[in-house]
Amino acid sequence: MLKTPVSPQTSVDPPIRHSRESGNPSSLKEKTRQCVVVLDFGSQYSPLIVRRIRECGVYAELMPYDADEAAVRALNPRALVLSGGPASAYAPGAPHPQPHVWQAGLPILGICYGMQLMAQALGGSVEPAARREYGHAMIHAEHSTGIFADLAPDQDVWMSHGDHIAALPPGFQTLASSANSPIAAMGNAQGMIGIQFHPEVAHTPEGMAIMRNFLFEVCGLRGDWTPAAFIDEAVADIQAQVGDQRVILALSGGVDSTVAAALLHRAIGDRLINVFVDNGLLRLNEPDWVEKSLTSLGIPVRRVDARKRFLDALAGVTDPERKRRIIGETFIHVFEEEAQRHAPVDFLAQGTIYSDVIESRAPDSKAAARIKSHHNVGGLPDTMRLTLVEPLRKLFKDEVREVGEELGLSHELVWRHPFPGPGLAVRVLGAVTEEKLHIVRLADAILTEELRTASLYEKYWQVLAVLPDVQSVGVMGDERTYYHLVALRAIESQDAMTANWAHIPHDVLARISSRIVNEVPHVNRVVYDITNKPPATIEWE
Ligand code: XMP
């Protein structure tokens, strides 16, 4: 039988976002912390460059390619990186950095398109290559110094370019060449370096060593930044922003809002009001588990039982978008009432993380077709007049997890899978009822428990059980049954934008299936979803 309690794995923020501008306190740490600014020319790898630099122990931030001087200076960068991008440096309308970039006297690493911009701006020339170079390439480094320090002269690298450097700018020399790019890397005595290949991708085996060489050999940086070191800085920032006022936080039980709660509590103690709305759409034992995880750390949680209210509002609703809308609106009403109860409150805390910030800034995000209205981008009504506090907005997901562990949250809690804001309502296809929620809750718990036992849970991005609105004929004992079908889904992904279905070993699938039909009432068939995203989405609704 099902062991209880089964830990849940939610990790989304509550359904409110970006309702007000957040304050932007500058901390002492920000002024002394060594920072690298990555200017984004539109490469899909730009956020990855930031990640890789942080993995080297140097704090980095992504800024738009045309960031003005004051904005860049505010971060006091020790070096700049120019990302790749899809344009040609010589094409009309191609994105170029502001002139201050070349005049700042800082070391600069230009990657691919970034290198071509550097060549063009500093007096060299860029031309279309005889043929496009895409994929693995061998480069030969001239010297084992600078970015190639301690590396073998011949390096396997990842290339993706149609243009190349035809003539070096004055003062530069060739650092490496390949069969198709006579100037595959170049540099000058001021620490301006251009590389035609991508060190940030895993396909360049020594990419991290090259990145480290740039940061430490060329720029002389320290490499002492860690996500945990971020805690003191964030606490100081929160205290500076909030003063002696009070903050309300909508705790979803997901990783981001839970870590935000722990961080805020460290900064302002009981002036933080954590509101945890039990909407009846959470997983088995989840409300108890989330509450206990925080109260055991001395962080009070105000739990609101709104199960009936949500289920009443959802009664008979079958359209997924309508379900999302109803859940979002009901949440806002419940939350507003809570905020009233605790008035006066001046600040609203949210677990917004760096990828949310980067995604909302992406140039093509506005044009992207709406596939599903993820309801946590709705925003609170203007009448609430709360100022946003977003202490995690500079951190990537796994950095948030590291901070969470450092703050004393359990490994299990901070490594949970993502879970959608509308919860099980989008996993019960068609009308949501208590009976159907019970089935999907038990199936989900068995799936999770078996994957944890098989040490597979943390290998996957997300796993879920779905209850389609389908019954099928079966036989149990000597009796014919006409019961529910449960579908299982497990996926591997980097960012939920694309996903591959996970090849769960057959013996594990067999165990999960057999337990579900034996332990979950009114289920006689289990199927496994073997569709990637695209064309399918991760959730079924
Ligand atoms: P899809 O189904 O669009 O899901 O491939 C991508 C990721 O987003 C989660 N998801 C949601 N999260 N509100 C949320 O906060 C929603 O309405 C919602 N719908 C999907 C999904 O679980 C996956 O991680």
Side-chain angles (χ1 to χ4, degrees), residues 8-19 250-258 260 276-277 279 281-283 286 310 313-314 317 319-332 335 350-353 355-360 362 365 368-380 392 396-398 400-401 415-429 432 440 444 447-448 457-468 487-502 529-541:
Q9 325 86 39
T10 64
S11 84
V12 286
D13 294 318
I16 41 176
R17 288 245 167 131
H18 308 302
S19 55
L251 187 74
S252 71
V255 175
D256 304 340
S257 68
T258 311
F276 177 39
V277 177
N279 59 11
L281 305 168
L282 303 174
R283 283 167 294 178
E286 185 168 2
F310 278 86
L314 284 170
V317 178
D319 174 62
E321 288 299 280
R322 247 193 95 204
K323 284 187 193 174
R324 280 190 169 80
R325 218 169 34 247
I326 290 170
I327 294 166
E329 284 166 9
T330 310
F331 177 86
I332 286 168
F335 190 74
Q350 292 189 1
T352 314
I353 67 170
S355 43
D356 303 329
V357 176
I358 290 176
E359 271 166 33
S360 63
S365 65
R370 173 190 275 199
I371 310 295
K372 295 176 190 176
S373 62
H374 288 199
H375 78 257
N376 53 354
V377 291
L380 286 178
L392 306 176
F396 287 106
K397 188 81 173 188
D398 49 356
V400 169
R401 291 183 155 132
W415 286 92
R416 283 167 303 152
H417 287 171
F419 184 62
L424 298 179
V426 290
R427 295 184 182 171
V428 166
L429 310 195
V432 179
V440 85
D444 168 82
L447 171 65
T448 304
Y457 178 80
E458 286 187 18
K459 192 170 170 240
Y460 303 141
W461 171 271
Q462 206 167 358
V463 300
L464 45 128
V466 181
L467 191 68
L488 306 177
R489 184 145 173 74
I491 53 119
E492 299 188 64
S493 176
Q494 298 292 324
D495 51 14
M497 306 292 283
T498 61
N500 290 332
W501 63 276
D529 183 347
I530 51 167
T531 337
N532 291 339
K533 172 184 179 176
T537 51
I538 295 173
E539 304 291 343
W540 278 36
E541 274 197 342

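Only heavy atoms go into these numbers, but all of them, side chains included; no hydrogens, no water, no symmetry mates. Order of appearance sets the numbers: ligands from 1, and atoms from 1 within every ligand. Computed from a prediction, not measured in an experiment: that's the story for all the values here.
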task = Dump the intermediate steps for side-chain contact (heavy atoms from CB on, under 4.5 Å) on Ile530 and Arg489, then the final yes or no.
result = CA-CA 8 Å; Ile530 51 167; Arg489 184 145 173 74; over 6 Å; no
ask   = Lys323 side chain to Pro422 main-chain N or O, any donor-acceptor pair under 3.5 Å?
value = no
message = Between Asn500 and Asn532 (side chain of the first, backbone of the second, donor and acceptor by atom type, cut-off under 3.5 Å), is there such a pair?
response = no
Heteroatom distance test (Arg324, ligand 1): nitrogen or oxygen, under 3.5 angstrom = yes
Ligand 1 N/O within reach of Pro418 N/O, cut-off under 3.5 Å = no
inquiry  = A cation-pi test, strictly: NZ or CZ of Arg401 under 6.0 Å from the centre of the six-membered ring of Trp415 and no more than 45 degrees from its axis. Yes or no?
reply    = yes
request  = Could you tell me which residues satisfy side chain to side chain donor-acceptor pair (under 3.5 Å) with Thr531, sequence neighbours excluded, listed by chain and number?
outcome  = Asp529
message = So, using salt bridge (Lys or Arg N to Asp or Glu O under 4.0 Å) as the criterion, who are the partners of Asp398 when residues are at least two apart?
response = Arg51
For [X], atoms of ligand 1 separated by under 4.0 Å from a heavy atom:
X	result
Gly421	12 (N), 13 (N), 14 (C), 15 (O)
Thr537	1 (P), 2 (O), 5 (O)
Lys533	1 (P), 3 (O), 5 (O), 6 (C)
Glu539	2 (O), 20 (C), 21 (C), 22 (O)
Pro422	13 (N), 16 (C), 17 (O)

